Amino acid sequence: SHNDGDRRSLEDQSELTRRSDRRLGRLPEEDPHVLHYDDCTTADLAERSRLYRPPVRVETVRKSGNDGDHMFLENYWYCAALPHEVDARPLRRVICNEPVVFYRDTKGKPVALEDRCSHRQAPLSTGEIRGDNIQCNYHGFVFNRDGACVHIPHQDTIPSRAHIRAYPVTEQWGFIWIWRGQAAKADTAKIPHLPWTTDAGRSPVYVYFYVKANHQLVADNLLDISHADYLHSDTLGSKSGIMGGPQPDKVEFRTWQEGDEVHSFRKLTNVEVASYPKKWGNFTRNVNRTNIQMWQAPNTDHVHMEYEN
């Protein structure tokens, strides 16, 4: 049994589940303004971008909430968590305004279910893992990895409306991914291609950093790398963004679209770089710094940096 304080706490969390933040805006329309420079050819940039997958078709779904319709990319794999975050305890994440609970079964396989008990809407993430299943902490309903309700205390029959949504989920490239859309279309070949994470000659570092902002602003930040010469002038960039700072001989910039991918390119010729790249390359004089970025649906940003002395 639960006391009144426990019940109110669960009901409050349930209300938060139903009213999860809906701040996602529409995907931006294609920007017709493209800057062209003589020394920046699409062929050259494409040669450096061979590790990226060919474009795929974008599918969308329109949802309705208290603040109007929003557009989300549908039938895509979404990066949801780092592997060490998903263990034998429930983990709650809100993805595309949908609360999801993650855990691992007895074989170590990740499980992803909607974070909502079908009985009184309490978040399952406050519950407990029972073998391969998860039990709601409110009235004890138990759900398996497929979202099926497999146990209701004190009764033998389980109505079909007691089942909840399960998400296809997999682990690849050092991340946990879930599929939003039609489960029959959940092809792992559609996961963003990140082969450098398994390259023996590289040292991948994984970090989870929560940004209190619209996800599109984060994509903008990584596609428009010009801020590096001011915000990151002491670490990754240069002093050229500071008024009166040393200027490069030339600045080249270009954006373009290939299918459903958005690309950007920026190169500074003969520029003094900041402390980090100086140590990486043991640079004692100015270099040519090139940044190549690519946004890939639904929201993966690839950032490639080159420093040439």
Side-chain angles (χ1 to χ4, degrees), residues 40 42-56 76-87 104 108-110 169-178 187-211 215 218-229 231-238 254 258-269 271-309:
C40 176
T42 301
D44 292 338
L45 301 178
E47 183 62 30
R48 297 180 181 181
S49 303
R50 294 301 181 192
L51 63 91
Y52 303 141
R53 280 192 184 278
V56 295
Y76 279 98
W77 291 99
Y78 281 77
C79 184
L82 296 174
H84 74 267
E85 295 181 292
V86 179
D87 53 27
R104 290 187 187 272
K109 299 294 185 180
V169 59
T170 191
E171 187 172 346
Q172 189 169 336
W173 308 125
F175 297 102
I176 302 292
W177 305 81
I178 69 167
D187 182 1
T188 55
K190 295 182 178 180
I191 294 176
H193 197 48
L194 308 174
W196 50 269
T197 60
T198 57
D199 187 341
R202 297 179 182 270
S203 301
V205 177
Y206 298 92
V207 177
Y208 170 72
F209 182 75
Y210 179 70
V211 180
H215 71 281
V218 181
D220 290 344
N221 170 268
L222 294 172
L223 283 173
D224 181 6
I225 207 68
S226 61
H227 70 275
D229 296 314
L231 183 61
H232 305 304
S233 60
D234 292 327
T235 54
L236 295 172
S238 72
R254 184 176 180 180
E258 294 180 6
D260 300 320
E261 300 170 349
V262 178
H263 298 253
S264 66
F265 168 90
R266 188 169 185 263
K267 180 177 181 179
L268 276 64
T269 301
V271 66
E272 181 182 0
V273 292
S275 59
Y276 286 11
K278 274 187 177 180
K279 293 178 181 178
W280 296 338
N282 294 318
F283 297 134
T284 57
R285 53 192 175 90
N286 289 0
V287 302
N288 297 334
R289 194 191 77 208
T290 302
N291 294 89
I292 304 173
Q293 293 74 225
M294 186 266 280
W295 177 92
Q296 181 181 14
N299 198 34
T300 298
D301 288 277
H302 305 256
V303 179
H304 175 80
M305 297 186 293
E306 295 179 1
Y307 299 89
E308 303 170 278
N309 62 12

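Treat the numbers as computed from the prediction; the structure is a model and nothing was measured.
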Visitor: V205: which residues meet the side chain to side chain contact (heavy atoms under 4.5 Å, CB included) condition with it, sequence neighbours left out?
Guide: V207
Visitor: Output all residues satisfying salt bridge (Lys or Arg N to Asp or Glu O under 4.0 Å) with K109, sequence neighbours left out; order by chain, then residue number.
Guide: none
Visitor: What pairs with T300 under side chain to side chain donor-acceptor pair (under 3.5 Å), at least two apart in sequence or on another chain?
Guide: none
Visitor: Which atom names give the shortest non-hydrogen contact between V169 and P110, and what distance separates them?
Guide: CG1-O, 3.2 Å
Visitor: Apply side chain to side chain contact (heavy atoms under 4.5 Å, CB included) to V287 and list each qualifying residue two or more places apart in sequence or on a separate chain.
Guide: V273, F283, Y307, N309
Visitor: Evaluate side chain to side chain contact (heavy atoms under 4.5 Å, CB included) for H227 paired with N221, printing each intermediate quantity in order.
Guide: CA-CA 8 Å; H227 70 275; N221 170 268; 3.4 Å; yes
Visitor: Atom CG in L236, atom CG in N291: separation rounded to 0.5 Å?
Guide: 9.0 Å
Visitor: Go through the structure and list residues passing salt bridge (Lys or Arg N to Asp or Glu O under 4.0 Å) with D224, not counting sequence neighbours.
Guide: none
Visitor: With sequence neighbours left out, write down each residue that passes ring-ring contact (aromatic ring centres under 6.0 Å, His included) with Y206, or none if nothing qualifies.
Guide: F175
Visitor: Report yes if the side chains of T290 and E308 come closer than 4.5 Å at any heavy-atom pair, otherwise no.
Guide: yes
Visitor: What pairs of residues pass the salt bridge (Lys or Arg N to Asp or Glu O under 4.0 Å) test when at least one of them lies in residues 284-302, not counting sequence neighbours?
Guide: D229-R289
Visitor: Give a yes or no on whether the backbone of L223 and the side-chain of S264 come within a donor-acceptor separation of less than 3.5 Å.
Guide: yes
Visitor: Looking only at atom types and distance, does a side-chain atom of W177 sit under 3.5 Å from a main-chain N or O of Q172, one as donor and one as acceptor?
Guide: yes
Visitor: Can you tell me which residue pairs pass the side chain to side chain donor-acceptor pair (under 3.5 Å) test with a partner in residues 273-284, sequence neighbours excluded?
Guide: E272-K278
Visitor: Considering residues at least two apart in sequence or located in another chain, which fulfil the salt bridge (Lys or Arg N to Asp or Glu O under 4.0 Å) criterion with R202?
Guide: D199
Visitor: Minimum heavy-atom separation for S233 and S238, please, with both atom names.
Guide: CB-O, 3.2 Å
Visitor: Kindly write out the residues that satisfy salt bridge (Lys or Arg N to Asp or Glu O under 4.0 Å) with D234, not counting sequence neighbours, or none if the list is empty.
Guide: K239
Visitor: For residues 77-84, which side-chain donor-acceptor pairs fall under 3.5 Å, sequence neighbours excluded?
Guide:
from	atom 1	to	atom 2	distance (Å)
W77	NE1	D187	O	2.8
Y78	OH	L73	O	2.7

Visitor: Do the non-hydrogen side-chain atoms of N288 and K267 ever get within less than 4.5 Å of each other?
Guide: yes
Visitor: Report yes if the side chains of H232 and I225 come closer than 4.5 Å at any heavy-atom pair, otherwise no.
Guide: no
Visitor: Hey, what do you get for CE (M294) to NE2 (H304), rounding to the nearest 0.5 Å?
Guide: 12.0 Å
Visitor: Taking the side chain as every heavy atom from C-beta outward, state whether E261 and H302 have any pair of such atoms under 4.5 Å apart.
Guide: no
Visitor: Please find the pair of heavy atoms, one from W196 and one from P204, that lie closest to each other, and give the distance.
Guide: CZ3-CB, 4.2 Å
